[in-house]
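Structure record follows, encoded as structure tokens.
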Amino acid sequence: MNDNLEHQPDGPVLIVGGYGIVGTALTGLAAPSWPLVLTGRNPERGDALANEHNLVVRKWDLDDPTPFSSPARAVISTVNDPDDRVLRAAVSAGIPYVDITRWTSRLTRAVTQATLLNPTAPVLLTSGWMGGVISIVAASLAEEIGGAQQIDVAIRYDTNDSAGADSVDFIDRLGQDFEITKDGKPQIVSPLSDTRWVDIAGNRTKVARFDTPEQLTLPMTLGVKTAATRIGFSSNASTTALLAAKSVGLFRWGRGSRWTPLRRSLLYSPGNGGSAHVRVDVQGKGGKRTAVISDPAGQAHLTALGGLLGLQNVLHPNAQPGVGFPETTARLAEACAALTRHGVTILKS
């Protein structure tokens, strides 16, 4: 690809996928702070959003080899970038870059790709659950107790939330075993295994393992010996259906595109809106801390807030060039305070 991005410190922030569900929420959050340019494969779908915020929408179809050119002070990707096209264009141009949409294997590749490009600007890979918000809160708790040895994340996924189809992309990963860190050693586990009941914001929720990037990054960045993320659903029927589908091997024999509608139907039934709830438990030599994160505006809003924090991070005057993760920010307390200003509750105990 011959995309030509140009770093302009007073130019616009480029939001790739800026009129999708998460992109729309991010645009609303970012528009008061910076000039924006939104991109996507069907720019006419962003016309109403552009008129609302007095900004520009342009076509950048990542499957179309036609080169894309634009000035930018920063770039944030809210869509899948399987060929690292956006990442390569931004990093090669020395533009601060944020990515919130990679699963673990693609995050690993992005780290390698970005490092090989010798970045001269910050590269923030914040694809942990909810745009890295979970990693930020976990790091904040770890800091309070003088370091963490174990971090457990339990997610309550609201099936009534107004989410896009991309938000359930992780369902296509449920047929693949993945690596975690347990007691300081790598261990291969199966998706939807090791179930347990957890109280999440007053809701007794059955949760099971699944693959998320913070299980890779937290042991490296915070030095934890054990990191685990589990997910459960507001609908018991959805939880039962997913566990039953796993038991009959659907996610292994039904991997192909022929079975995509069936796989997605087990979970993707977006409603008019729901709440996002996550519980984070941190243990260390200094004790135990728990935080329950709740966003009544839902998972898209919470993910967009993670993206907003990422942009503030890479555009901070003290930001350093190189690859980083959300939990490595030196301004954890400031990030948590920003979340609460935007309506997120972080209840600690």
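In this chain, numbering begins with 1 at the start of the sequence shown.
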Using side-chain contact (heavy atoms from CB on, under 4.5 Å), reason through T226 and K182 one step at a time and then give a plain yes or no. CA-CA 4 Å; T226 299; K182 183 176 182 180; 4.2 Å; yes

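- With hydrogens and angles ignored, the 3.5 Å screen pairs a side-chain donor or acceptor of T205 with a backbone N or O of N203.
- Under the 3.5 Å distance criterion, with hydrogens and angles disregarded, a donor-acceptor pair is assigned to the side chains of S190 and D177.
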For D211 and Q176, run side-chain contact (heavy atoms from CB on, under 4.5 Å): C-alpha distance rounded to whole Å, both residues' side-chain angles, the deciding distance at 0.1 Å, then the answer. CA-CA 9 Å; D211 188 13; Q176 302 179 30; over 6 Å; no

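- Checked by atom type, the side-chain pair D152/Q150 shows a donor-acceptor distance below 3.5 Å.
- Within the structure, ring pair (Phe, Tyr, Trp, His ring centres under 6.0 Å) contacts touching residues 42-66 (residues at least two apart or in different chains) are W60-F68.
- T340 places a side-chain N or O within 3.5 Å of a backbone atom of A337 that can act as its donor or acceptor partner.
- Smallest separation of non-hydrogen atoms from L5 and A90: CD1-N, 3.9 Å.
- Here the CD1 atom belonging to I346 is positioned 9.0 Å from the CG atom belonging to L141, to the nearest 0.5 angstrom.
- Atom NZ of K59 has 12 or fewer neighbouring heavy atoms from other residues, nucleotides or ligands inside a 6.0 Å radius.
- Here L38 contributes atom CG and R45 contributes atom CZ; the two are 14.5 Å apart, rounded to the nearest 0.5 Å.
- Put simply, the side chain of R85 never gets that close to the backbone of D3: no donor and acceptor are under 3.5 Å apart.
- The side chain to side chain donor-acceptor pair (under 3.5 Å) search around D47 returns none, not counting sequence neighbours.
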Using side-chain contact (heavy atoms from CB on, under 4.5 Å), reason through L302 and V344 one step at a time and then give a plain yes or no. CA-CA 8 Å; L302 190 56; V344 177; 3.9 Å; yes

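- Side-chain atoms of H301 and P296, non-hydrogen and from C-beta on, never get closer than 4.5 Å to each other.
- Between L243 and K206 the shortest side-chain heavy-atom distance falls below 4.5 Å.
- In this structure, the side chain of R279 does not engage the main chain of A291 through any donor-acceptor pair within 3.5 Å.
- Cluster membership check: V198 does not share its hydrophobic cluster with V292, using side-chain heavy-atom separations under 4.5 Å among Ile, Leu, Val, Met, Phe, Trp and Tyr.
- A ring-centre distance under 6.0 Å is not found for F210 and W103.
- Rounding to the nearest 0.5 Å gives a distance of 9.0 Å between CG of L36 and CG of L49.
- Side chain of T101 to main chain of T78: no donor-acceptor pair is present (N/O by atom type, distance under 3.5 Å, no hydrogens or angles).
- To the nearest 0.5 angstrom, Q283 atom CD is 10.5 Å from I151 atom CD1.
- Nearest heavy atoms, A148 versus V282: CB-CG1, 3.5 Å.
- For the pair V207 and I155, the minimum side-chain heavy-atom distance is 4.5 Å or more.
- Distance alone, capped at 3.5 Å, is enough to place a donor-acceptor pair between the Q320 side chain and the N318 backbone.
- For the pair I200/V278, no side-chain contact is recorded, criterion being any heavy-atom separation below 4.5 Å from C-beta on.
- Residues D295 and V133 form no side-chain contact, since every pair of their non-hydrogen atoms from C-beta on lies 4.5 Å or further apart.
- A pairwise comparison of heavy atoms in T329 and P326 identifies CG2-O, 3.2 Å as the closest pair.
- Nearest heavy atoms, A304 versus A25: CB-CB, 3.6 Å.
- Using modelled atom types, one side-chain atom of R73 and one backbone atom of G11 make a donor-acceptor pair closer than 3.5 Å.
- Using a 4.5 Å cut-off between side-chain heavy atoms of Ile, Leu, Val, Met, Phe, Trp and Tyr, with links allowed through other members, L222 and I180 fall into different hydrophobic clusters.
- Here the CG-CD distance, from D84 to Q113, works out to 5.0 Å after rounding to the nearest 0.5 Å.
- Environment of CG in N42: crowded, with over 12 heavy atoms of neighbouring residues, nucleotides or ligands closer than 6.0 Å.
- Residues W34 and L124 share a hydrophobic cluster, clusters being chains of Ile/Leu/Val/Met/Phe/Trp/Tyr side chains in contact below 4.5 Å.
- Listed for the T27 side chain is a donor-acceptor partner under 3.5 Å among the backbone atoms of G18.
- Across every non-hydrogen atom of L315 and P96, the tightest pair is CD2-CG, 4.3 Å.
- Hydrophobic clustering, with ILVMFWY side chains joined whenever heavy atoms are under 4.5 angstrom apart, groups L87 together with V79.
- The closest side-chain heavy-atom distance from S105 to F178 is not below 4.5 Å.
- Side-chain atoms of T66 and D64 form a donor-acceptor pair, as typed in the model, at a separation below 3.5 Å.
- Salt bridge absent: D158 and R156 never bring a charged side-chain N and a carboxylate O closer than 4.0 Å.
- With hydrogens and angles disregarded, no donor-acceptor distance shorter than 3.5 Å links the side chain of S140 to the backbone of I136.
- With a 4.5 Å cut-off on side-chain heavy atoms, E334 and Q312 do not count as touching.
- A donor and an acceptor atom, one from each side chain of Q215 and T212, are located under 3.5 Å apart.
- Cluster annotation: L55 is connected to L29 through the hydrophobic network of ILVMFWY side chains, with a link wherever side-chain heavy atoms come within less than 4.5 Å.
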List the steps, then state whether salt bridge (Lys or Arg N to Asp or Glu O under 4.0 Å) holds for R88 with D81. CA-CA 10 Å; R88 287 186 283 112; D81 184 19; over 6 Å; no

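- With R58 contributing its side chain and S69 its backbone, the two residues share a donor-acceptor pair below 3.5 Å.
- Between the CD atom in E214 and the OG1 atom in T126 there is a gap of 10.0 Å [rounded to 0.5 Å].
- When side chains are defined from C-beta on, L14 does not count as touching I95, because their heavy atoms never get closer than 4.5 Å.
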Mind running side-chain contact (heavy atoms from CB on, under 4.5 Å) on T108 and R102 for me, showing each step along the way? CA-CA 9 Å; T108 303; R102 294 176 184 267; over 6 Å; no

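- Between A114 and P119, the closest heavy-atom pair is O-CD, 3.1 Å.
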